[in-house]
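See below for the structure under consideration.
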Protein chains: 2
Amino acid sequence: MKDSHRTKLSRFYWAHNRMPSFSEMAGLFGFASKNAVSKVVNRLVEEGIVQKDKTGRLIPGASLKGLAIRGTVGASFPSPAEEELVDVITLDEYLIHNHEATFMLNVSGDSMIDAGIHPGDIVLLERGKTPKHGDIVVAQVDHAWTMKYYEKKGKQVRLVPANKAYPMIFPKEELTITGVVVGVVRRYV
Amino acid sequence: MKDSHRTKLSRFYWAHNRMPSFSEMAGLFGFASKNAVSKVVNRLVEEGIVQKDKTGRLIPGASLKGLAIRGTVGASFPSPAEEELVDVITLDEYLIHNHEATFMLNVSGDSMIDAGIHPGDIVLLERGKTPKHGDIVVAQVDHAWTMKYYEKKGKQVRLVPANKAYPMIFPKEELTITGVVVGVVRRYV
DNA sequence: TGACAAGGTATACGATCGTTCACTATACTA
DNA sequence: TAGTATAGTGAACGATCGTATACCTTGTCA
């Protein structure tokens, strides 16, 4: 009941990719008057659930558009099974730094399996980023894409798989880096 | 130049979590008249970059709010290094099915490392989902959280780690399932 | 019992919304 | 060179926006 307004707002936001107008909220909440909505919204703003632009428009608060991190699991020391609210983040904010330069690739081989990148995963690549030693990159080798560790000692560059069954690559001439892997996501059906 | 309007819209959308009004777009695009904006928007709607609600409001098209999947990497057979556009998805849509019941936990141990879940990863949990045989779950054991495979043979339930260094768990009495792991995300700095 | 706060309705308000029409300037084409 | 799209300006339009005011219930508490 207390969460009801909040929940309805959340559902609307994710269904429509925008915040509802006051009239729409009246319908959502079951009010006949926009004034009732106005009072509810004021309370929600105070609670931080929604915010107002500098232009006065309604935008979702962090807890509406993000997901809560509620603790840590799997620590070798027994982590207290208490749900503290550590942070609220958006998957996009967390994984993507440069929207225009980022895209994704399906992963089908097991050449990076020792790095925890499995077949069926999706990797996020950022184009135009210069790789650092130890980064995972997708490079174009012999007209095909390969995902490897990018290692650089002095001027020597090599591409190292995270699976001993695959060979290293010492690029002879130019090396076309398609992108630097900035994230991995995996979905369990 | 051709992408300019699109890019500016994308930046605005991600910065403000809403679409700009026509007046704001006039400012964004450098127009003095809203009519110029109107013509541009009509074109963008035809191109599918933005859409209009049934209420006439502007919402981002798939390519604005989502990320493109541009192929497959790491196939054992050489996958052609051509960027086809396979799909456009949102990380939220891809990973989250039930917004209200989903939350995240940091991963700190290596007990699931053979399943490709590493320390530093973030797992997405869905609360209230009944686990199937083979699912990864977070359960409450001795006042601490553990992440394990959930295996069920007949009526026998056991929790199996994906790391031989850790023991199995055969819950004696009741087993408190905090949530079923529905996704994993990892960020490379 | 009376006072008062909380929560809702109804209505009116100026501001802004997106659309439209008439017009101008530029550039391309026959 | 004349003709015609293309792209933009400027002003006006009704509709909807979010806000504000006045009023009407309730339930609570002294």
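Basis for what follows: all heavy atoms, side chains included, without hydrogens, waters or symmetry-related copies. Chain letters run A, B, ... following the sequence lines, proteins first and then strands; every chain starts at 1.
Below the 3.5 angstrom threshold, one finds no donor paired with an acceptor across the side chain of A:S33 and the base of C:dG8. Taking only distance into account, the side chain of B:K34 never meets the base of D:dG10 through a donor-acceptor pair shorter than 3.5 Å.
Comparing B:A32 and B:R57 along DNA chain D, the residue whose closest nucleotide (by nearest heavy atom) sits nearer the 5' end is B:A32. Map A:E24 and B:A36 each onto its nearest nucleotide of DNA chain D; the residue landing nearer the 5' end is B:A36.
Between A:I122 and B:Y94 the shortest side-chain heavy-atom distance falls below 4.5 Å.
The distance between atom CG of B:L44 and atom P of C:dG18, rounded to the nearest whole Å, is 14 Å. Between B:R18 atom CZ and D:dC17 atom C1' the separation is 13 Å, expressed in whole Å. D:dA7 atom P lies 10 Å from atom NE2 of B:H5, rounded to whole Å. A:F22 places its CZ atom 11 Å from the P atom of D:dC17, with the value rounded to the nearest Å. Rounding to whole angstrom units, CE of residue B:M25 and P of D:dG8 are separated by 14 Å. Between the CG atom of B:N42 and the P atom of C:dT19 there is a distance of 7 Å, rounded to whole Å.
Proximity of B:S23 to the phosphate of C:dC17: a side-chain N or O atom is located under 4.0 Å from OP1 or OP2.
Taking the screw axis at each terminus of the helix from C:dT1-D:dA30 to C:dA30-D:dT1 from five consecutive base pairs, the angle between the two is 10° to within rounding of 10 degrees.
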task = Using the salt bridge (charged side-chain N to carboxylate O under 4.0 Å, His left out) rule, take B:D53 and A:R18 through it: C-alpha gap first, then chi angles, then the decisive distance, then the call.
result = CA-CA 10 Å; B:D53 256 337; A:R18 62 173 178 86; 2.4 Å; yes
request  = Kindly determine whether B:E100 and A:R11 satisfy salt bridge (charged side-chain N to carboxylate O under 4.0 Å, His left out), including the steps that lead there.
outcome  = CA-CA 9 Å; B:E100 279 96 38; A:R11 292 223 182 88; 3.5 Å; yes
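Proximity note for B:F31 (side chain, C-beta onward) versus D:dT9, C:dT16, C:dG18: the nearest is D:dT9. Residue B:R43 places its side chain closer to D:dA7 than to any other of C:dC17, D:dA7, C:dG18. Listed nucleotides D:dC17, C:dT9, C:dA22 differ in distance to B:N35; the shortest reach to its side chain belongs to C:dA22. Checking C:dT9, D:dA7, D:dC17 against every side-chain atom of B:K39, the shortest atom distance belongs to D:dA7. Relative to the side chain of B:S38, the nucleotides C:dC17, D:dT9, C:dT19 differ in distance, and C:dT19 lies closest. Closest approach to the B:S21 side chain among D:dG18, D:dG10, C:dC17 is made by C:dC17 (side chain taken as heavy atoms from C-beta onward).
Residues satisfying the salt bridge (Lys or Arg N to Asp or Glu O under 4.0 Å) test with A:D114, not counting sequence neighbours, are A:K164.
A side chain to side chain contact (heavy atoms under 4.5 Å, CB included) with B:Y150 is found for exactly one of B:V180, B:I136, B:I177, namely B:I177. Residue A:V50 forms a side chain to side chain contact (heavy atoms under 4.5 Å, CB included) with just one option from A:L58, A:I59, A:N42, and that option is A:L58.
A distance of 9.5 Å separates NZ of B:K148 from CG of B:N163, quoted to the nearest 0.5 Å.
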